[in-house]
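Note on naming: letters A, B, ... go to the chains in the order of the sequence lines (proteins, then strands), and numbering restarts at 1 for each one.
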Amino acid sequence: MDVADVSGVPPWFAAHLREEGIESLYPPQADAVEAGVAEGNSLVASVPTASGKTLIAQLGMLSAVERGGTALYIVPLRALASEKREEFEAFEPYGVSIGVATGNYEDTGEWLTGKDVIVATSEKVDSLVRNGAPWVDDLDCVVSDEVHLVDDPNRGPTLEVTLAKLRRINPNLQVVALSATVGNAGEMAEWLDAELVDSAWRPIELKTGVQYGQALHFGDGSQRELRVGSNEKPTEAIVRDTLAEDGSTLVFVNSRRNAEGAAKRLANTSCDGLDEDERRQLTDLAEEIRGVSDTETSEDLAACVEKGAAFHHAGCSSEHRSIVEDAFRDRLIKVVSATPTLAAGVNTPSRRVVVRDWRRYSGEAGGMKPLSVLEVHQMMGRAGRPGRDPYGEALLLAKSHDELDELLDRYVWADPEPVESKLAREPSMRTHLLATVASGFADSRAALLNFLDRTLYATQYRRGAGSDDETDTDGRRDPRDGAARDNLERIVDSTLEYLDANDFIDRDGTIGATNLGHTVSRLYLDPMSAAEVLDGLEGASTPTAMGLYHLVSRTPDMYELYLRSGDREEYTMVAYERESEFLGAIPSEFEEERFEDWLSALKTARMLEDWASELDEDEIAERYGVGPGDIRGKVDTAEWLLGAAESLAGELGLECVPTIREARQRVKHGVGEELIDLAGVRGVGRKRARRLYDAGIETRADLREADKAVVLGALRGRTKTAENVLEAAGHPDSGMDGVSPDATAIPGDGERGRAADGTGDDQSNLGDF
DNA sequence: CTTCCCCGGCTATAGACAGCATGTC
DNA sequence: CTATAGCCGGGGAAG
C-alpha cells in the first residue's frame, strides 16, 4: 500500500514520509490502515520490534489531530519519552505541537493543554488523571506502547487502570495498543474493544538459533560453522566472527557483575579491528565517561570503551547509559554486554544478539529461573539494524547437546506466553482503589467493581473459567467464572478495610476519600508508605535526619539496598548505637524477615546520610557496593518521599515540617546543614558550596556581597563559573575581568579524588537528565 | 625456598515509575 | 527445587 493512499491523515504526511525514504507501508502497517487506525478505530498491533509500530501509532495520532483532536502516547520508561519526543518533533514544522510529561521532565498539567500530541509515562498519566489535568477530558486517541507490560506485577496494573480510566472519561477514545508478539493478542483486543493486527512480519529477516560447539544451529534448520578457538569462550568467538563482517554484537547476561566481566574480556576481542580514527574517538569517549562520575564503575566502563566494548546496567548513571547507547548505535562501540535494561529501553539495534544467560536468579523462586519466552524474544528482536544489515542474527548458547535441544524447544521454536493481568494483588489494589475513589470514579463497592470490569483482569476472568468457545464478549458473566471474581471481590473488600482503618477513606453510606486520602492519592504514594510515614512521624517533634531517612527508606515505595554478608552484624550494631533516632519501634531480632528488611532500610538510610554529609560519590559507591546510577536513584526517591512526608506532616499540622524540609534539602543537594542555603544558588552544587563555605562565604547573602577575588579563588580560578555563580546569587557586579584569584581562598587539593584536570567538572551532577 | 597454577569453597545475584518547583559545567 | 562467575586461599608441582 502506498503512503499516499491512506485517507484520514494530514495531507503533508505522505510527502513527509517520502522524504524519510518511506514509499509504501509495511504489511502490518497496511493491515492497520485496513483495520481503520486512520479513521479512529481502536487497534491492538501485536508485531515484532522494529517492524514499524511507531508508524502505526502515528497514523492514529495524526489522523486524530487532523480531525482537530489531541493524542496521548504512553511509554513505559522516561528514556523512551525523550526518544519519542525527538521522533515526533519532526512534525512540528507542520504545525503539530508536542508536549512531554514525565516525573523529572518539564511541563505541568496546565502547560500541556493545547498540545496536539503528548508523550508521557503511564505513571505520569495516572498522576495527571488523579490531579484532574484538564486536557485529559479531551483526548481522541491514546497510544499505549509496549502494552504487553500489563503483565508486570509492579507497574502493569497502573497501565491497565489508567487505560480503563481514560476510556471511561472519553467514551469514544481511540486506543492504539502496541505490543510485542504475545500469546493472547486477541484477548487484549477483546479487552480494548479493538481490531487486531497480529503479525510476525519483519522488515529485516531475523535468524534465531543456538550455538553449540563449532556450529550455529538455526531455527529454520540451517547450520553454519563457527570456529571457536580452544582458549576461547563462545561469546568471544561470536563477537570475533561478527567483527569480521564489520558488525556489532549485543550480549545479554543475567547480572551486573557478569555484564562488567564480559565487557572486560570482550574488550580484548573488540580492540583488534579498530583503526586509528576509531581509537581516537573512543579515547575521547572514555574521557567523557570519566568526567561523568569518579567511581570505579565509571573507570571500568571507560577502560572498556577505550577498547571498543562497554557494559550497560542500572548501576551505570543515565549519562553513562546514553553515551554507550549512542556510541553503539553509531557503531563506534563494537560490543555491549548488558542486563535486561537494554532489552526494553531505547532503540539499540545490533547486527548480532547473544543471549548468553537464559536463567536468572530469583529470590522468591529460591534459585535460577528460566527467562520467559517473551523476554528472550524481546532481546533477540534487537538483532538487525534497519537499513544497515541484510538480516539479523540472535543466538543462545548451549553447553551440551541436551541443552541445544532444550533451547531450540524452549525459545527458538516457542511462542511467547500469554500476557496476564496482575491487578488482583494487594499492593496495586491499595494504590488504585484509593485513587479510583479519590478521583471520583466510584463511590461504592458496586461502582468500584463495575469500574474494575473495564480492566484486562475482568476480561480474563470472564473468559478464563468460562467456556472455551470465546464468544462470551457481551459482558454477561458466566456463572462458572466464580472463583476469579470472588477472588477479586475478596481483595477489594480487604483493601477497602485497610484503607478505612488507616483513615484514607470514609464508608458512611457512600465510599469517599478523606482529606488525607486525597492527599495520599495526589502525592502518588502507596497508601502503605503513607501509613508508615504517618505512624513514624506521630509524636516525633524533632526527628533527626537519620530518623527521617530511615523512615522513608523502609517504605514500600523505596527499593532497598541488598544486605551482603557481614552487613547484618554491622548494621545491627548501628541499630543499637543509634537506637534513639529511629522513628517507631525496632522490630525484634527474632522476627527474622521484618528485622532483615528493617536493616536493609538502615543501610539505605546510612547511604543517604553519607550523601548528605558530602561523602564523595566514589566512596559511597565503594562502601555500599553500588554504582553511580544506584546512588542517583536512591537519592531521587528519597527526595520525592521526603517531599511527600513534608506534605503529609503539613496536612496534619505537625511541628516537624521544617525538620523534614531540611532533611529533604540536604538529600537533594547532598550537603550538610550549613550548606543548604548556598547549594540553593544556581550553579552551586555540593562541591562548590563547600569550597565557598571554607573560603568564608557561608550564605547566599555573603555571596551577593562577596569579594570577587575570594569567590574566584574558591572556585579554583574558573572565571566563567565564578561569573555565573555571582550572577545567580544576585551580585551587583559579576564581571571577572581583571580579577585574580585570592590565594588564601584556593581550596587545598589534599583531598582525595582526581586532581583538577581542566575539564572543569567538579560538581557532582545531580541535576541532570 | 619461591612462584605459579589448579582446584574447591564461598559469595552474590535485573529493573526503575512517582510530588513539587525550577535549573548543572 | 534449580546456576554460575569471580574471587580467595590452600596445596601441589615446577623452577
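- Contacts of A:A343 classified as side chain to side chain contact (heavy atoms under 4.5 Å, CB included), with partners at least two apart in sequence or in another chain: A:F252, A:M379.
- Each of A:T721 and A:A314 lies near DNA chain B, and the nucleotide nearest A:A314 is the one positioned closer to the 5' end.
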Handout entry: Residue pair A:R686, A:E614: steps toward the side-chain contact (heavy atoms from CB on, under 4.5 Å) verdict
Key = CA-CA 7 Å; A:R686 59 199 311 236; A:E614 296 164 58; 4.3 Å; yes
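- The side chain of A:R78 places an N or O atom within less than 4.0 Å of a non-bridging phosphate oxygen (OP1 or OP2) of B:dA18.
- Per the geometry, NZ belonging to A:K668 stands 12 Å off C1' belonging to B:dT24, to the nearest Å.
- Within 4.0 Å (heavy atoms only), A:R265 reaches sugar-phosphate atoms of the nucleic acid but no base atom.
- Note on A:K634: nothing from the nucleic acid sits closer than 4.0 angstrom, heavy atoms only.
- Under the rule for a ring-ring contact (aromatic ring centres under 6.0 Å, His included), A:Y693 has no partner lying at least two apart in sequence or in another chain.
- Across all strands, A:N254 comes closer than 4.0 Å only to sugar-phosphate atoms, never to a base (heavy-atom distances).
- Listed pair A:R688 / B:dC25 meets the phosphate criterion, a side-chain N or O lying under 4.0 Å from OP1 or OP2.
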Show me the donor-acceptor pairs, under 3.5 Å and distance only, between side chains in residues 722-730 of chain A and residues at least two apart or in other chains.
| unit_1 | atom_1 | unit_2 | atom_2 | d |
| --- | --- | --- | --- | --- |
| A:E723 | OE2 | A:M736 | N | 3.0 |
| A:N724 | ND2 | A:K720 | O | 3.4 |

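- Atom CG in A:L128 sits roughly 13 Å away from atom C1' in B:dC20 (whole-Å rounding).
- By the neighbour-count criterion of 12 heavy atoms within 6.0 Å, atom CD of A:E593 is sparsely surrounded, having that number or fewer from other residues, nucleotides or ligands.
- Judged by centroid separation below 5.5 Å and plane tilt below 30°, A:W640 stacks onto the base of B:dA18.
- With sequence neighbours excluded, the residues forming a side chain to side chain contact (heavy atoms under 4.5 Å, CB included) with A:H432 are A:D126, A:R130, A:P157, A:T158, A:V161, A:S428, listed by chain and number.
- Among B:dA14, B:dA18, B:dA16, the nucleotide with an atom closest to any side-chain atom of A:K124 is B:dA18.
- Take A:T431 and apply the side chain to side chain donor-acceptor pair (under 3.5 Å) test, not counting sequence neighbours, and it matches no residue.
- Between A:E319 atom CD and B:dC25 atom P there is a gap of 13 Å when expressed in whole angstrom units.
- Within the 4.0 Å cut-off from OP1 or OP2 of B:dA18, at least one side-chain nitrogen or oxygen of A:T121 is found.
- At the heavy-atom level, A:R682 lies under 4.0 Å from the strands shown only through sugar-phosphate atoms.
- Across all strands, A:V125 comes closer than 4.0 Å to no nucleic acid atom at all (heavy-atom distances).
- Secondary-structure annotation of DNA chain B gives the stems B:1-13 with C:3-15, with a stem taken as at least 3 successive Watson-Crick or G-U pairs whose two distances both fall under 3.5 Å.
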Sort me out a list of protein N/O and nucleotides 9-11 of chain B N/O pairs below 3.5 Å, or just none if empty.
none

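- A:Q378 places its CD atom 15 Å from the C1' atom of B:dA14, with the value rounded to the nearest Å.
- Here A:L77 lies in heavy-atom contact (under 4.0 Å) with sugar-phosphate atoms only.
- In this structure, the side chain to side chain contact (heavy atoms under 4.5 Å, CB included) partners of A:A259, at least two apart in sequence or on a different chain, are A:V253, A:F311, A:H313, A:S337, A:T339.
- For the 3.5 Å distance criterion, the side chains of A:S317 and A:H320 qualify, holding a donor opposite an acceptor.
- Whole-Å rounding puts the A:Y559 OH to B:dT13 P distance at 10 Å.
- Considering only residues two or more places apart in sequence or on other chains, A:S255 meets the side chain to side chain donor-acceptor pair (under 3.5 Å) condition with A:N258.
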Taking N or O atoms only and anything under 3.5 Å, show me the protein contacts with nucleotides 1-3 of chain C, one pair per line.
| unit_1 | atom_1 | unit_2 | atom_2 | d |
| --- | --- | --- | --- | --- |
| C:dT2 | O2 | A:M368 | O | 2.4 |
| C:dT2 | N3 | A:M368 | O | 2.5 |
| C:dT2 | O4 | A:A365 | O | 2.8 |

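- Side chain to side chain, A:E403 and A:W358 meet the donor-acceptor criterion of an N or O pair below 3.5 Å.
- Residue A:T637 is classed as a base contact, given a heavy-atom separation below 4.0 Å to a base.
- With sequence neighbours left out, the side chain to side chain donor-acceptor pair (under 3.5 Å) criterion links A:Y73 to A:D145.
- Considering only residues two or more places apart in sequence or on other chains, A:V552 meets the side chain to side chain contact (heavy atoms under 4.5 Å, CB included) condition with A:L641, A:L642.
- Between the CG atom of A:D630 and the P atom of B:dC17 there is a distance of 13 Å, given to the nearest Å.
- Heavy atoms of A:G643 sit under 4.0 angstrom from at least one base atom.
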